[in-house]
Amino acid sequence: MYPQMTQIQPLTLIRRNRLLPFPGEVTVRPGQKVNATDVVAQASIPTRHYLVDVRSALGVSTVAAAEKLITRKPGDLLEKNDILAETGGLFSKVIRTPGPGRVISISKARVLIETENETLSLQAGLAGKIHQVIDDRGVSIEAYGALIQGVWGNSRIGFGQLLVDDASLDGELTSSALSLTARGNILIAGYCSSEEMFTAARSAQISGLILGSMPSLLIPTALELSYPVILLTGFGKTGLDEYSRRILVTNAGRDISINAVRWNRLAGDRPEIYIPLPSEGEPYQWENSFSVGQKVRVHSGAYAGRIGRIDELIPGMTQLPNGLRASAARVKFDQRSGAVLPLVNLDVIQIKD
Amino acid sequence: MEENPLQISTVVGLEIGSINTRAFLFDVVEESYRLIASAVTPSTHIEPVFDIGDAIFEVLSRLQDVTGRVFLDHDANLIVPSQPGGEGIDCLVTTTSCVPDLKLAIFGLLNEVSMDSARKLANASYARIVEAISINDHRPYSAQLDAIVAAQPDLILFAGGTDNGANRSLQRIADLISTALRVLPRSNRPPVLFCGNPALADPMRQLFERHTKVRVADNLRPSLQEEVLEPAELELNEMIVEKTYEKVGGLQRIVPLCSISPRLSNHSFHRVIRFLGQKYDPAKGVLGVDIGATYSVASYANRVTSTLNTFHLGMGEGMADVLQGSKIQEISQWLDQPVPEDEVRDYLWQRSLYPNSLASSPLELSIELAAARRILQLIMRELNLRDACPSTRFEPILMSGSVLTRTATPAQSLLAILDGIQPQGISPVILDKHGVAATLGTLAEITPLLSVQVLESSAFTNLATVVNITSRARRGVTVSVARLDYSDGHTAEVEVKQGSIAVLPLPSGSKAQLYLKPVRRTEIEEVDSSAEPVLVNGGVCGVVLDARGRPLKMPADEQHRIALLKEWESLLNHQ
């Protein structure tokens, strides 16, 4: 049974693919250094079209006759008031373009013009080096540094200097963390339980917010924010786990990247924090089974957010306090406390002490 | 045993879900097919493996361990057909609900005709409607085009026109679709299913084939009065399966091993309900509900009609839609202890992040069952709005989904089902304890006898026969006296009080005559229940007389509400 895993690595080799949803243009080259918010690829999506029916607009009797009056061809770029079609003669009737655009197609004397398009810009998501360019689709980026995987993000990307405010680290985000020095930086807090603090953080122009947790009631607010918010343990007031906390505190003052994507197991997207470091590390591994001695973080229930070590894998099925039966492990949190927990409620933490 | 023309004996069914992969072993025991064993393991199409093959190998290995039989050779290949020594299997089928989020654009002519049918088809499927355009849509052509491009559909469903009917209007819509396909990036052009006027099938195929893959199915509306969904439903399902192959690594690799191509779980579940619909009381109808992690399925069938509806509601990824469609009080009202609303909300959102997690305390189990009740309520409300159940009286109700089977007691499952569905009349409630119903639906295509025999076996749990008694009496007033005459001659009697539940014991597999003597004016079925006894089936919770009222209203006072919930569960537990 493959366990659920979370990577909390003080130093590792990170390699991430960044791909456009459809073909576009890759704007970087192999070996190039990029920051988290640098655009690595972009694609154009048409968003607004205009259809001109030449036959009816010019009052021509047949489609064939109308088509002869069209002065443009597919692919032509148009400015506002350019002539699209004209009858000619002394009292020529003309059709002009309503605005700038490009002729997409002409069919049955109808001219389809793309008048607006949106550029989809794909950001790097982490600071590193372009490892590989995937033609028309995106890149693979490589970096050495610390990696902390989260569980929820508000779909924003950001980077900045990591600012540690001791008052917020083990508890709620406080206004003391939002001082003048917060501007352009990334803050950490155990949790944030008020909409006002999110708003105050926006006013303080922070570049990102790392939280252990937040009440789920604040999801709509967090989704509206312009800066990235990443949760490391989930919803509620569980705060930061000790390992993530330790890595973050150790790297205070460094430039870090937050890729606060929504967790999508099918696509392999996960909210993550990257801290580029000058040393080189080994790639991290995935475990394919539970084993005694593994570090685990409990992700639900009364022990949610706590990190412990598997002391025993209990054979067969274990009856839980609510009467359900499940494969379970005895997890030791410290010398004095532990609990028997279902394996499916444990996240194996990959960390080198 | 009847002669089986296919000579199939050992059968394995795989059910690949978004969270778990299950394997079921069926074989012939004493001249009848039986479910021999099942195994489950987490699905591996997701990170870090991205290949469902690992889960299939694991679950088949577990099935070997449990049964002591051999299905895989030394190279881990499945042995098909079975060997004289007993190794291997004769038949493998796969059913999957592991479908990626698919966006569907529907097109048709009239809202009340082809669009209505297209919507039914879409509602039955795992896909989500993101754009709907008919000739009743008065947006300018360019705005319609922009809307399609913005929606970026994964699939297009195009209906409209009766047989040899409308032509020009359909061509206008076809032109719009064709233009949209041209504008969309080549790699993202959705395939088109045309199920309209068959006279236009060839021109439509030629028009769209320049841009994308095209399928043609029989007309959804051959005439204004007639609706034929099934051929188009099959084609749409195949399109969904093809999209699933693109996203679920390793799924396509197992196709050559299967006796038929993988089937979608919702459709296979519906097949089982349709079969049952032919068998039971034609005046009622069979209701089947399967609560999954991402999707939930509701199927209704009687001898005349059947409907399938698939909802993006579930205990995992589908929880986000449950929470967004509900006030938290609509969930927390079902908790049998006082819990702050924030705690309930946070627990359920956390569960959406970890869909494989398990309730490990009584409180967590209570929250999950409260959420299951809410899912059932949302489904029943939507079925009502969609006019999907001609009758609100069901015989039987078949329930599936691990949130209902993974409970500590059958009473917990039954109470959640009753609170969520709030059935009327007399309804046997059956629990698909192994989650095997959809697999049986798939197997019915190859070996119907197997499906019939397993459906009638102990693979399913009869929870209870529930009798809903409606009265306007005050809470606590006796509204009826129920008596059960057992086949061995003895009887049991109970008073049914307004606002409460009463239980008469009747074990699974037994039948008894139920007499109901109204004390106050009551309503049970269309029939006069006081005159004639009703033959009822037993269940692990016996015969349950539910006089709590419809719709069931919970008291606003928290203490009173909690006391009631505890009392109801206790009554069901101590039958």
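Letters A, B, ... are given to chains in the order of the sequence lines, protein chains preceding strands, and every chain is numbered from 1.
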B:R182 atom CZ: more than 12 heavy-atom contacts under 6.0 Å:
yes
Please say whether more than 12 non-hydrogen atoms of neighbouring residues, nucleotides or ligands are located less than 6.0 Å from CZ in B:R186.
no
Can you say whether [X] sits under 4.5 Å from chain A via the side chain, the backbone, both, or neither, judging by heavy atoms?
| X | value |
| --- | --- |
| B:N188 | side chain |
| B:V149 | side chain |
| B:Q152 | side chain |

Could you tell me which portion of [X] (side chain, backbone, both or neither) has an atom closer than 4.5 angstrom to a non-hydrogen atom of chain B?
| X | value |
| --- | --- |
| A:N264 | neither |
| A:L343 | neither |
| A:A43 | neither |
| A:F22 | both |
| A:I45 | side chain |
| A:A267 | backbone |
| A:L217 | both |
| A:L266 | both |
| A:R262 | neither |
| A:P46 | both |

May I have the step-by-step check of side chain to side chain contact (heavy atoms under 4.5 Å, CB included) for A:L320 and B:L365, ending in yes or no?
CA-CA 11 Å; A:L320 305 175; B:L365 182 58; over 6 Å; no
Measuring from B:Q324:CD to A:I219:CD1, what's the distance to the nearest 0.5 Å?
8.0 Å
Fit a plane to each ring of B:Y354 and A:H299, take the angle between them on a 0 to 90° scale, and name the class: parallel (under 30°), tilted (30 to 60°) or perpendicular (over 60°).
parallel
When you measure from the side chain of [X] to the backbone of [Y], do you find a donor-acceptor pair of N or O atoms at a distance under 3.5 Å?
| X | Y | answer |
| --- | --- | --- |
| B:Q350 | A:T233 | yes |
| A:N345 | B:L358 | yes |
| B:D146 | A:H49 | yes |
| A:N322 | B:A359 | yes |

With chain A, the option among B:S366, B:P100, B:A408 that has the most non-hydrogen atom pairs under 4.5 Å is B:A408
Based on non-hydrogen pairs under 4.5 Å, which of B:S361, B:P42, B:A143 is most in contact with chain A?
B:S361
Quick one: which of A:Q4, A:E116, A:R110 has the most heavy-atom pairs under 4.5 Å with chain B, could you say?
A:R110
So which heavy atom on [X] is nearest to which on [Y], and how close?
| X | Y | result |
| --- | --- | --- |
| B:S360 | A:P321 | O-CD, 3.3 Å |
| B:P355 | A:R265 | CD-NH1, 3.8 Å |
| A:L324 | B:T407 | CD2-C, 3.3 Å |

Assess whether side chain to side chain contact (heavy atoms under 4.5 Å, CB included) is satisfied between B:L145 and A:L51, documenting all intermediate values.
CA-CA 10 Å; B:L145 177 64; A:L51 186 80; over 6 Å; no
